[in-house]
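Structure first, then comments.
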Amino acid sequence: MVFIRKKQEQLLQLYSKVRFSLLLLNLEEYYFEQHTAHHIQISFDKNRFQSVSEKLYMECKAEMVTPLVTNPGHVCITDNNLYFQPLNEYPKPVVQITLQDVHHIYKRRHGLMPLGLEVFCTEDDLCSDIYLKFYDSQDRDDLYFYIATYLEHHVTECTVESYTLQQRGHLSNYQYLLHLNNLADYSCNDLSQYPMFPWIISNYCSSELDLSNPGNFRDLSKPLGALNKENLERLLTHYQEMPEPKFMYGSHYSSPGYVLFYLVRIAPEYVLCLQNGRFDNADRMLNSIAETWKNCLDGATDFKELIPEFYGDDVSFLVNSLKLDLGKRQGGQMVDDVELPPWARSPEDFLQKSKDALESNDVSEHLHEWIDLIFGYTKGSEAVGAHNVFRPLTYEGGIDLNSIEDPDEKVAMLTQILEFGQTPKQLFVTPHPRRITPKFKSFSQTSSHNASIADSPGEESFEDLTEESKTLAWNNITKLQLHEQHKIHKEAITGIAVSCNGSSVFTASQDSTLKMFSKQSKMLQRIISFSNMALSSCSLLSEDATFISSSWDNNVYFYSIAFGRLQDTLMGHDDAVSKICWHDNRLYSASWDSTVKVWSSVPAEMTGTKRHQFDILAELEHDVSVDTININAASTLLVSGTKEGTVHIWDLTTATVLHQFPCHSTVCDTAFSPDSRHVLSTGEDGCLNVIDVQTGMLISSMTSDEPQRCFIWDGNTVLSGSQSGELLVWDLLRGKITERIQGHAGAVTCIWMNEQCSSIITGGEDRQIMFWKLQY
């Protein structure tokens, strides 16, 4: 079984040794016991450390979350290990995890509050090694920080690329749904937020199942309660007559009771715990797949979706292999194995056909509609029209538990949240893109869902791993604080470059000067002027030996830092040079003469006397002035933005345009994502647009009330400089601005970030450079 098996042995041990009265406690009493345990003043036993030389970083009270049970205790982290010591010493006196074994960590929502942290020591994102729930979100964040800084690599929790991988067929539907469940804080350790999958097949009566017939599939654009027209009319009538706050469904599509309804044959101990030591009435058990589907379709209170096990490989949840006495039905038959549809020859055949259905073309073309209902935009303002409104208590932010002072009322409210079900947090605020074309016919030939579907060389990995320092920095980008600022120019600053050791900052300006500023002495070291017109951009060559700058006088200037003199001048355009980039001894220059030129350069020797040699390799023609360009990391792609608002994506290996996309009034800035899969552009119209490089399709668009003149991004989060001088932090996945940071007195015109993403410098129309630091 996909989720429970990994923990079943230790949890059976837990339930066999803990006092049996636990099974007889009602859930309200038990949760009161759990959520008041943190008042017990007991510290972590330091004698449990693996080594006397371990250095303690932090210690706090927490609870270990397992299905239905949160076990109170103390968590402790050192320079080598993460420890949890449960107060009742179960499942063992101390749970110890070596930090070097940790692969991934995820912040989690527990009880609709940001208090959870899940730690994984394998590449399997389904079953974690420990799930901790804290009493204070700051404790959770601090522990997350300590673990994250230890890791060399860490999975980015949210990424704008993930749905495009599924869209293009690089992820199976199964993988993608697991990924979305993970992002929405659904975990196999939390039965109130257990991963959820949709009902796919609607035909459970025929002897054969034809997956090429659309009539055999459920309508994924509607919630379960809206599939039956008569049932929907009853629900709507009740909804219209209901006082505020209104809701359409009195029960949820996922809850601990529903999960255990499916898992009773392999997790009977959880059912006994939830139902006061007894199994449910035999006629309310999972007896028949067809019967369960009919109840969901026609019933007035049953709207439960499925769980991942229905699309996995383990049939044990369908078979009563433990020979449990689950009771006798009204008709006299004993509850045993689950009755399968006629078209399923065996439990294995049932799961295989269910998997085939999930990966079928019909489902691939409509799965985005179900995603909109569960994780997407039809949970927000569109929910009423989509008949997708549930009890307010199920939504994040529906109630503030911290504002409830009465402990009895607080426990009662928390119990309702945990028992009734929790709506996944909203991952998308715009309609999810439809899958373009699947790259496979069926998943039937693959035994594991964890393998990628595509077999082509260079396929994208499901997990987009980045260096931990970068991930940590971008996760905390909203905590950016101004460190110092200096007014060093007479006009707007147009470019920033920093020496490799970070000691010197070079700036170009519309006042036609290049200036060299010392971060240590906080003084200007050099003022250089080699043009009578504005400088438009700048860059440092390797080893900090040469500084290059473009100018409105149509030239590109090369300045020798070591010898303090102009080294070379490239007269390469017929109008102002608007932007330059330097990659692997190649110069890329954009100009108002409607061209982008690619130059091969042999750099000057350190003597400062030999001049650069330039050969033009390509000339990329445009219809109008080119205002900005950017190169991808591999120097194989170039993106350009024009005065009339068109973004061009070029293949540099063939010097041909791949896509042209008119998306702004005028393009201000544009750049590739770190993995080169997407291009982000900003314009005078205030829009931020994300374009898929392979298809040329617009996959995301957001607007602000003013132009965003420049930006940096990690593929998921954007830090942009606005016309008013603010720095804006954008969450692309959620489609909103998450932070506004006061900055310059005029427009932010350029922005620089170091390789570790820990230091940021901005330049503006107010003639200042500002140094920013991240405060974790």
Side-chain angles (χ1 to χ4, degrees), residues 107 114 137-138 141 144-145 148 156-160 429 469-489 492-496 498 502 505 507 517 519 522 668-671 673-674 680-690 700 702-776:
K107 293 181 180 180
S137 60
Q138 188 60 52
D141 293 343
Y144 177 92
F145 169 78
T156 304
E157 295 187 26
C158 302
T159 140
V160 77
V429 295
S469 61
K470 297 180 181 179
T471 302
L472 189 62
W474 279 104
N475 285 344
N476 290 275
I477 200 70
T478 56
K479 301 177 183 177
L480 200 64
Q481 291 188 4
L482 181 61
H483 183 61
E484 57 185 89
Q485 60 192 86
H486 304 276
K487 185 176 289 186
I488 60 174
H489 281 281
I493 297 171
T494 56
I496 299 172
V498 180
V505 179
T507 56
F517 180 84
K519 289 184 66 177
K522 306 185 188 311
C668 293
D669 198 6
T670 185
S673 59
L680 176 66
S681 64
T682 61
E684 292 286 350
D685 53 7
C687 290
L688 271 75
N689 293 324
V690 180
S700 178
M702 287 157 289
T703 58
S704 60
D705 53 6
E706 60 180 334
Q708 301 302 306
R709 296 281 298 275
C710 56
F711 68 86
I712 49 178
W713 72 316
D714 70 340
N716 174 40
T717 305
V718 180
L719 179 66
S720 67
S722 67
Q723 183 69 30
S724 65
E726 285 185 317
L727 296 180
L728 272 57
V729 180
W730 303 72
D731 187 325
L732 295 181
L733 197 61
R734 293 189 290 168
K736 69 175 186 178
I737 298 170
T738 58
E739 191 69 30
R740 292 178 178 269
I741 305 169
Q742 293 298 320
H744 292 265
V748 185
T749 51
C750 51
I751 186 167
W752 173 91
M753 175 184 272
N754 67 344
E755 186 177 358
Q756 293 76 29
C757 305
S758 58
S759 178
I760 292 171
I761 305 174
T762 57
E765 284 186 349
D766 59 1
R767 299 165 287 172
Q768 295 191 95
I769 54 173
M770 292 186 172
F771 295 84
W772 304 82
K773 293 291 185 181
L774 288 172
Q775 303 295 325
Y776 298 130

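Heavy atoms only: backbone and side chains are in, while hydrogens, waters and symmetry mates are out. Along the sequence shown, the residues carry numbers beginning at 1. These numbers were taken from a predicted model, which means no experiment stands behind them.
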Distance alone, cut at 3.5 Å: any donor-acceptor contact between the side chains of Asn754 and Ser758? yes
Across all chains, not counting sequence neighbours, the salt bridge (Lys or Arg N to Asp or Glu O under 4.0 Å) partners of Glu684 are none
Going by side chain to side chain contact (heavy atoms under 4.5 Å, CB included), name the residues that satisfy it together with Ser722, two or more places apart in sequence or in a different chain. Glu706, Gln708, Ser724, Glu726, Leu728
What is the distance from atom CD1 of Ile769 to atom NZ of Lys487, rounded to the nearest 0.5 Å? 12.5 Å
Just by modelled atom types, is the Ile493 backbone N or O under 3.5 Å from a matching donor or acceptor in the Thr749 side chain? yes
Identify the two heavy atoms, one from Trp730 and one from Ser720, that lie closest to each other, and give their separation to 0.1 Å. NE1-OG, 2.8 Å
Rounded to the nearest 0.5 Å, what's the gap from OG on Ser759 to NZ on Lys773? Could you check? 4.0 Å
For the student: nearest non-hydrogen atoms of Trp713 and Asn716, plus distance: CE3-N, 4.3 Å
At what distance, to the nearest 0.5 angstrom, does CD1 of Ile737 lie from OG1 of Thr478? 13.5 Å
Taking salt bridge (Lys or Arg N to Asp or Glu O under 4.0 Å) as the test, write out the residues that go with Arg767, two or more places apart. none
Go through the structure and list residues passing salt bridge (Lys or Arg N to Asp or Glu O under 4.0 Å) with Glu739, not counting sequence neighbours. none
Minimal non-hydrogen separation, Phe771 against Ile761, with atom names: CE2-CD1, 3.6 Å
Determine yes or no for a side-chain-to-main-chain donor-acceptor pair under 3.5 angstrom, with Asn476 supplying the side chain and Lys479 the backbone. no
Looking only at atom types and distance, does a side-chain atom of Ser704 sit under 3.5 Å from a main-chain N or O of Gly686, one as donor and one as acceptor? yes
Taking atom CH2 of Trp474 and atom CG of Leu774, what is their separation to the nearest 0.5 Å? 9.0 Å
So, taking the atom named OG1 in Thr762 and the one named CG in Leu482, what distance separates them when rounded to the nearest 0.5 Å? 8.0 Å
Once you measure the plane-to-plane angle for His486 and Phe517, does it fall in the parallel (<30°), tilted (30-60°) or perpendicular (>60°) bin? tilted
For Cys710, enumerate each residue passing the side chain to side chain contact (heavy atoms under 4.5 Å, CB included) test, keeping only those at least two apart in sequence or located in another chain. Asp669, Val748, Ile751
From CD1 (Ile477) to CG (Leu727), nearest 0.5 Å: 9.0 Å
Can you see whether Tyr144 has Lys107 sitting over its ring - NZ or CZ less than 6.0 Å from the centre and within 45° of the normal? yes
For a side chain to side chain contact (heavy atoms under 4.5 Å, CB included) check, start with the C-alpha distance between Ile741 and Trp772, then their side-chain angles and the critical distance, and finish with the verdict. CA-CA 11 Å; Ile741 305 169; Trp772 304 82; 3.7 Å; yes
Take Leu480 and Leu719, measure what side chain to side chain contact (heavy atoms under 4.5 Å, CB included) needs, and give me the verdict at the end. CA-CA 10 Å; Leu480 200 64; Leu719 179 66; 3.9 Å; yes
Minimal non-hydrogen separation, Gly495 against Cys750, with atom names: N-SG, 3.8 Å
By side chain to side chain donor-acceptor pair (under 3.5 Å), Ser681 pairs with (sequence neighbours left out) His664
When every non-hydrogen atom of Met770 is compared with those of Asp766, the smallest separation belongs to CE-OD2, 4.3 Å
Which pair of non-hydrogen atoms, one from Leu732 and one from Gly715, has the smallest distance, and what is that distance? CD1-O, 4.2 Å
